[in-house]
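Order of listing sets the numbers, starting from 1, for every ligand and every atom in it. All of these numbers come straight from a predicted model, not from anything done at the bench.
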Amino acid sequence: MKAIRVSEFGDPGVLKVVEMPTPAPAVGQVLVRLHAIGVNPVETYIRSGNYARKPELPYTPGSDGAGIIAAVGEGVTSFKTGERVYTAGTVTGSYAEFAVCHVSQVYRLPGAVSFAQGAAVGIPYATAYRALCQRGQALPGETVLIHGASGGVGIAAVQLARAHGLQVFGTAGTDKGRLLVLNEGAHQVFDHGQPKYFEKILAANNGRGLDLVLEMAAHKNLAMDLSLLGPRGRVVVIGSRGKIEIDPRDTMSRDADIRGLVLFNTPPAEMAQIHAALFAGLAKGTLRPVIAEEFPLARAPYAHGSLMDPGAAGKIVIIP
Ligand code: NAP
């Protein structure tokens with residue numbers, strides 16, 4: 001099979017296409033023939049060598065994908081060959097034509113959802129659900145700001161929050177991104193590149209503080225987020241690429257919470273709840289992953305470059 005291998009950490013050019021033997025599933029594992037692969041920011045951090053957890057070299061990146069069960073290992077009764085699935089984790093890496101996964105990393109993909117859309121579910125939708133419902137404890141009728149709503153996690157959060165009955169505000173850096181955020185269900189959208197846009201956010205909520213912020217760029221926004229919160233408001237830190245100074249008093253006066261999250265920390269029972277909710281939304285059409293751009297496997301370096309460029313408008317996928 002064709003796969004991407006990384007033999008040294010570095011810039012996107014270290015993502016090389018190689019021919020390698022198709023792996024076989026062991027006990028409790030399945031082999032998935034991938035028809036689409038999800039590209040996530042964490043894979044660029046790992047590839048660069050600047051991430052806390054580094055895989056042993058050489059490795060095949062990726063955890064998200066969608067395709068068809070090609071073979072099942074001994075003891076697997078929950079899946080049959082030919083079933084459509086998406087992956088949320090793999091044993092062998094998803095940037096390849098085939099990936100071996102443990103059965104707990106594979107979920108059924110409803111028939112109306114394309115493989116490219118299925119590849120956009122694993123990390124982005126699970127993170128958005130965990131941030132909104134489990135860490136953020138969002139309630140219908142509350143107001144949420146999705147700070148960075150135009151990317152993979154943000155669009156998922158907009159759709160989930162709107163279906164959950166919240167007043168949804170989003171931000172994006174381009175006209176295209178803002179239009180997408182509105183189309184996917186936000187009540188109002190703001191430009192996080194404009195000076196003083198936070199004043200417009202408060203005005204849009206009639207001067208009342210926000211109940212919840214889902215934050216994709218805490219290194220830029222956390223101090224401002226705290227000042228936007230209402231009583232018992234919560235900020236869920238999803239993304240942060242550096243340090244920031246905050247005024248702790250902004251939490252005291254509001255009884256406010258800053259709650260971090262890393263999806264990999266999710267206990268198995270809560271992860272099962274997340275994917276049950278996602279399956280229901282995908283099957284009913286309330287969740288509709290939006291694909292920004294598709295790249296062939298050989299252009300994986302460009303996919304990494306494009307993902308880190310400003311101007312997100314949905315999810316970047318690779319078609320092997
Ligand atoms: P993505 O598709 O690349 O989207 C990035 C988003 O950040 C876009 O909406 C972008 O908007 C927005 N953004 C850029 N500058 C911003 C600013 N100053 N203020 C607010 N938003 C800004 O990435 P993603 O997959 O959605 O992931 C988003 C972040 O969450 C990344 O940092 C990622 O590493 C992190 N993440 C964490 C976890 C976890 O377990 N904690 C899981 C998944 C992702 P424009 O492009 O429109 O400017």
### Closest protein heavy atom to atom 41 (N) of ligand 1, given as residue, atom name and distance to 0.1 Å
Leu261 O, 2.8 Å
### Query
Is it true that Arg241 lies under 4.0 Å from ligand 1, counting heavy atoms only?
yes
## Note on the structure
Within 4.0 Å of some non-hydrogen atom of Gly239, the atoms of ligand 1 are 30 (O), 32 (O), 35 (C)
### Message
Looking only at distances, can you tell me whether any N or O atom of Ala217, backbone or side chain, sits closer than 3.5 Å to an N or O atom of ligand 1?
### Response
no
### Task
Among all protein heavy atoms, pick out the one at the shortest distance from atom 29 (C) of ligand 1; state its residue, atom name and that distance to 0.1 Å.
Met216 O, 3.9 Å
### Message
In this structure, does ligand 1 have an atom that sits under 4.0 Å from one of the heavy atoms of Pro124?
### Response
no
### Task
Check each heavy atom of Ile123 against ligand 1 and say whether those closer than 4.0 Å belong to the side chain, the backbone, both or neither.
side chain
#### Entry: Top protein contact for atom 2 (O) of ligand 1, by heavy-atom distance
Gly152 N, 2.9 Å
### Message
Judged on heavy-atom distance to atom 45 (P) of ligand 1, which of Ser150, Ala126, Ala218 sits nearest?
### Response
Ser150
### Message
For ligand 1, which is the ligand I care about here, please tell me if Thr127 has any N or O atom under 3.5 Å from one of the ligand's N or O atoms.
### Response
no
### Query
Lys315 and side chain to side chain contact (heavy atoms under 4.5 Å, CB included): which partner among Val153, Val290, Asn40?
Asn40
### Message
Tell me if the CD atom of Glu19 is crowded by more than 12 foreign heavy atoms within 6.0 Å.
### Response
yes
### Task
For Ala172, counting its heavy atoms only, list the atoms of ligand 1 lying under 4.0 Å from any of them.
47 (O)
### Task
Measure from the side-chain N and O atoms of Arg5 to the backbone N and O of Val18, and report whether any donor-acceptor pair falls under 3.5 Å.
no
#### Entry: Taking atom 26 (O) of ligand 1 as the reference point, the nearest protein heavy atom with its distance
Val153 N, 2.9 Å
### Query
Does Tyr302 have Arg299 sitting over its ring (NZ/CZ under 6.0 Å from centre, angle to axis within 45°)?
yes
### Phe190/Phe169 aromatic ring centres below 6.0 Å
yes
## Note on the structure
Here the gap from Thr87 atom OG1 to Ile123 atom CD1, rounded to the nearest 0.5 Å, amounts to 9.0 Å
### Joint cluster assignment, Met1 & Ile37, ILVMFWY side-chain distance < 4.5 Å
no
### Query
Closest non-hydrogen protein atom to atom 34 (O) of ligand 1, residue and atom name please, with distance?
Tyr45 OH, 2.5 Å
### Query
Near Ala149, which atoms of ligand 1 are under 4.0 Å from a heavy atom of that residue?
9 (O)
### Query
Above 12 or not: heavy atoms from other molecules or residues under 6.0 Å from CZ of Phe9?
yes
### Query
Would you say atom 5 (C) of ligand 1 has a protein heavy atom nearer than 4.0 Å?
no
### Query
So, does Arg135 use its side chain to make a donor-acceptor pair with the main chain of Cys133 at under 3.5 Å?
no
### Message
Give the atom numbers and elements of ligand 1 that come within less than 4.0 Å of a heavy atom of Val262.
### Response
40 (O), 41 (N)
### Query
What residue and atom, counting heavy atoms only, is the protein's closest point to atom 25 (O) of ligand 1, and at what distance?
Pro41 CD, 3.3 Å
### Query
When only distance counts, is Pro310 in polar contact with ligand 1, meaning an N/O pair under 3.5 Å?
no
### Summary
Note: ligand 1 atoms sitting under 4.0 Å from heavy atoms of Leu263 are 39 (C), 40 (O)
### Message
Among all the protein's non-hydrogen atoms, which is closest to atom 22 (C) of ligand 1, and how far away is it?
### Response
His192 CE1, 3.3 Å
### Query
Is there a donor-acceptor pair under 3.5 Å between the side chain of Gln117 and the backbone N or O of Pro289?
yes
### Message
Taking NZ in Lys200 as the centre, count heavy atoms belonging to other residues, nucleotides or ligands within less than 6.0 Å. Is the count above 12?
### Response
no
### Task
Give a yes or no on whether Ile201 and Val168 share a hydrophobic cluster (residues Ile, Leu, Val, Met, Phe, Trp, Tyr; joining criterion: side-chain heavy atoms under 4.5 Å apart).
no
### Task
Could you tell me which atoms of ligand 1, counted from 1 in the order shown, lie closer than 4.0 angstrom to a heavy atom of Leu307?
3 (O)
#### Entry: Minimum non-hydrogen distance to atom 37 (C) of ligand 1, winning option of Asn265, Ile238, Ile146
Ile238
### Task
Look only at interatomic distance and state if Asn40 has a nitrogen or oxygen under 3.5 Å from any nitrogen or oxygen of ligand 1.
no
### Path from Val213 to Met216 over hydrophobic side-chain contacts below 4.5 Å
no
### Query
Closest non-hydrogen protein atom to atom 19 (N) of ligand 1, residue and atom name please, with distance?
Asn221 ND2, 2.9 Å
### Query
Any idea which atoms of ligand 1 are less than 4.0 Å away from a heavy-atom of His147?
20 (C), 21 (N)
### Message
So, applying side-chain hydrogen bond (donor to acceptor under 3.5 Å, both in side chains) with Tyr125, which one of Arg130, Gln159, His275 is it?
### Response
Gln159
#### Entry: Arg259 atom CZ: more than 12 heavy-atom contacts under 6.0 Å
yes
### Query
What atoms in ligand 1 come closer than 4.0 Å to a heavy atom of Gly173?
45 (P), 47 (O), 48 (O)
